[in-house]
Amino acid sequence: YPIWKRTLARRARESQMKRFCRAQAIQRRLEEIEVKFRELEQQGIKLEKLLREENESPADQQTQWTNQLLYLVQKKNNLMSEESDLMIAVQELKLEEQQCQLDEKLRSYMNKEDTLKTLEDEKAEQEILKQLVEVVNKRNVLIQLQEEKRLSEL
């Protein structure tokens with residue numbers, strides 16, 4: 001078993017573990033965001049009730065509650081933006097995994113000598129190459145989407 005094959009296999013395992021760890025971190029953060037959403041929602045409901053029921057309250061108090069409500073809305077919007085970024089990252093991880101699998105399959109066909117390749121092997125190699133290009137294009141679309149989002153936020 002040549003050294004380069006072992007090196008490729010080791011690197012593939014390492015990148016798979018990195019993707020797995022990133023996926024776990026993203027999942028944890030999405031769960032944290034969900035909890036934070038619920039907390040903000042409850043706080044917002046309380047503030048809305050105070051604003052609606054306490055018409056007799058001093059104007060200062062109502063202004064303070066309104067400002068708190070606006071602050072909660074801003075925090076919720078920030079969390080929604082972060083959640084959107086994380087969902088894009090999840091899609092990117094899936095496409096990255098798919099690309100690695102296709103790379104591995106393509107490499108196995110390309111390592112085969114041309115004289116030993118059957119017509120089916122050549123067709124399969126072309127199909128894998130086509131799928132690989134599609135995955136790369138999808139990843140490119142995600143990157144463009146992230147860049148547009150970043151620019152619009154600026």
Side-chain angles (χ1 to χ4, degrees), residues 1-50 65-154:
Y1 204 63
I3 292 176
W4 65 270
K5 283 187 178 183
R6 284 186 296 206
T7 303
L8 284 176
R10 187 185 79 245
R11 286 185 182 161
R13 281 191 311 273
E14 287 171 358
S15 65
Q16 187 176 20
M17 282 302 296
K18 285 180 184 177
R19 284 191 302 277
F20 179 72
C21 290
R22 281 194 344 229
Q24 281 185 320
I26 289 170
Q27 184 61 38
R28 274 193 305 277
R29 184 61 189 144
L30 286 171
E31 289 169 1
E32 291 169 3
I33 288 173
E34 187 64 35
V35 168
K36 194 70 174 167
F37 270 146
R38 280 189 239 119
E39 291 172 3
L40 291 174
E41 191 70 31
Q42 293 302 315
Q43 291 174 5
I45 289 170
K46 288 177 186 175
L47 285 171
E48 278 186 56
K49 283 182 182 178
L50 286 172
W65 289 335
T66 304
N67 288 339
Q68 286 176 348
L69 191 59
L70 291 174
Y71 177 72
L72 290 178
V73 169
Q74 183 183 16
K75 282 180 75 173
K76 187 174 180 183
N77 286 341
N78 289 342
L79 286 174
M80 288 176 68
S81 177
E82 184 181 355
E83 183 181 42
S84 171
D85 290 342
L86 290 172
M87 295 309 288
I88 291 171
V90 166
Q91 287 298 317
E92 197 172 349
L93 279 174
K94 286 179 183 178
L95 290 173
E96 196 176 318
E97 178 67 29
Q98 194 176 0
Q99 183 178 349
C100 285
Q101 290 171 355
L102 290 170
D103 277 339
E104 197 173 303
K105 286 181 187 178
L106 184 61
R107 198 174 293 114
S108 70
Y109 281 112
M110 292 178 86
N111 286 336
K112 202 174 196 182
E113 285 189 38
D114 288 339
T115 56
L116 300 176
K117 287 183 184 175
T118 65
L119 187 59
E120 290 81 25
D121 289 341
E122 290 176 9
K123 285 182 182 178
E125 185 178 343
Q126 290 301 315
E127 182 61 31
I128 290 170
L129 191 57
K130 183 177 147 187
Q131 289 174 357
L132 191 58
V133 168
E134 288 174 12
V135 168
V136 169
N137 287 335
K138 287 178 184 177
R139 287 184 70 190
N140 187 40
V141 167
L142 283 178
I143 290 169
Q144 287 175 346
L145 182 70
Q146 284 177 319
E147 185 63 19
E148 287 172 10
K149 187 173 185 277
R150 185 186 68 78
L151 290 175
S152 70
E153 288 174 355
L154 290 176

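One finds the CG atom of Leu93 at 12.5 Å from the CD atom of Gln98 (value rounded to the nearest 0.5 Å). Atom-to-atom distance recorded for Glu127:CD and Leu102:CG is 9.5 Å, nearest 0.5 angstrom. Rounding to the nearest 0.5 Å places CD of Glu104 at 9.0 Å from CG of Leu8. If you take CG on Asn137 and CZ on Arg139, they are separated by 11.5 Å, rounding to the nearest 0.5 Å. Rounded to the nearest 0.5 angstrom, Leu145 CG and Glu92 CD are separated by 10.5 Å. The distance from atom CG of Leu116 to atom CG of Asp121, rounded to the nearest 0.5 Å, is 9.0 Å.
Between Lys117 and Glu122, none of the side-chain N atoms (NZ, or NE/NH1/NH2) sits under 4.0 Å from a carboxylate O, so this pair counts as no salt bridge. Between Glu31 and Arg28 there is no salt bridge, since none of the side-chain N atoms of the basic residue sits less than 4.0 Å from a carboxylate O of the acidic one. For the pair Arg22 and Glu96, the salt-bridge criterion is met [side-chain N within less than 4.0 Å of a carboxylate O]. Salt bridge annotation for Arg29-Glu82: present, with a cationic side-chain nitrogen under 4.0 angstrom from a carboxylate oxygen. We find that Lys149 and Glu153 are joined by a salt bridge, their nearest charged nitrogen and carboxylate oxygen being less than 4.0 Å apart.
Considering only heavy atoms from C-beta on, Tyr71 stays 4.5 Å or farther from Asn67 through its side chain. For the pair Glu134 and Lys130, the minimum side-chain heavy-atom distance is below 4.5 Å. Between Asp85 and Gln146, every side-chain heavy-atom pair lies at or beyond the 4.5 Å cut-off. Put simply, the side chain of Asn77 reaches to within 4.5 Å of the side chain of Val73, judged on heavy atoms.
In this structure, the side chain of Thr7 engages the main chain of Ile3 through a donor-acceptor pair within 3.5 Å. Put simply, the side chain of Ser15 gets close to the backbone of Arg11: a donor and an acceptor are under 3.5 Å apart. Within the 3.5 Å criterion, the main-chain N or O of Val136 finds no donor-acceptor partner in the side chain of Asn140.
Side chains of Gln101 and Glu97: a donor-acceptor N/O pair is present below 3.5 angstrom, by distance only.
Across all their heavy atoms, Leu95 and Val135 have their closest contact at O-CG1, 3.4 Å. Glu83 approaches Leu30 most closely through the heavy-atom pair CG-CD2, 3.8 Å.
Around NZ of Lys112, the count of heavy atoms belonging to other residues, nucleotides or ligands within 6.0 Å exceeds 12.
Listed by chain and residue number, Gln74 satisfy the side chain to side chain contact (heavy atoms under 4.5 Å, CB included) test with Asn78 (two or more places apart in sequence, or in another chain).
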*Tell me, with the steps shown, if Glu125 and Leu129 meet side-chain contact (heavy atoms from CB on, under 4.5 Å).*
CA-CA 6 Å; Glu125 185 178 343; Leu129 191 57; 5.8 Å; no
Listing, residues 38-50 side-chain donor-acceptor contacts under 3.5 Å, not counting sequence neighbours, or none:
unit_1, atom_1, unit_2, atom_2, d
Glu41, OE1, Lys76, NZ, 3.1
Glu48, OE1, Arg52, NH2, 3.2

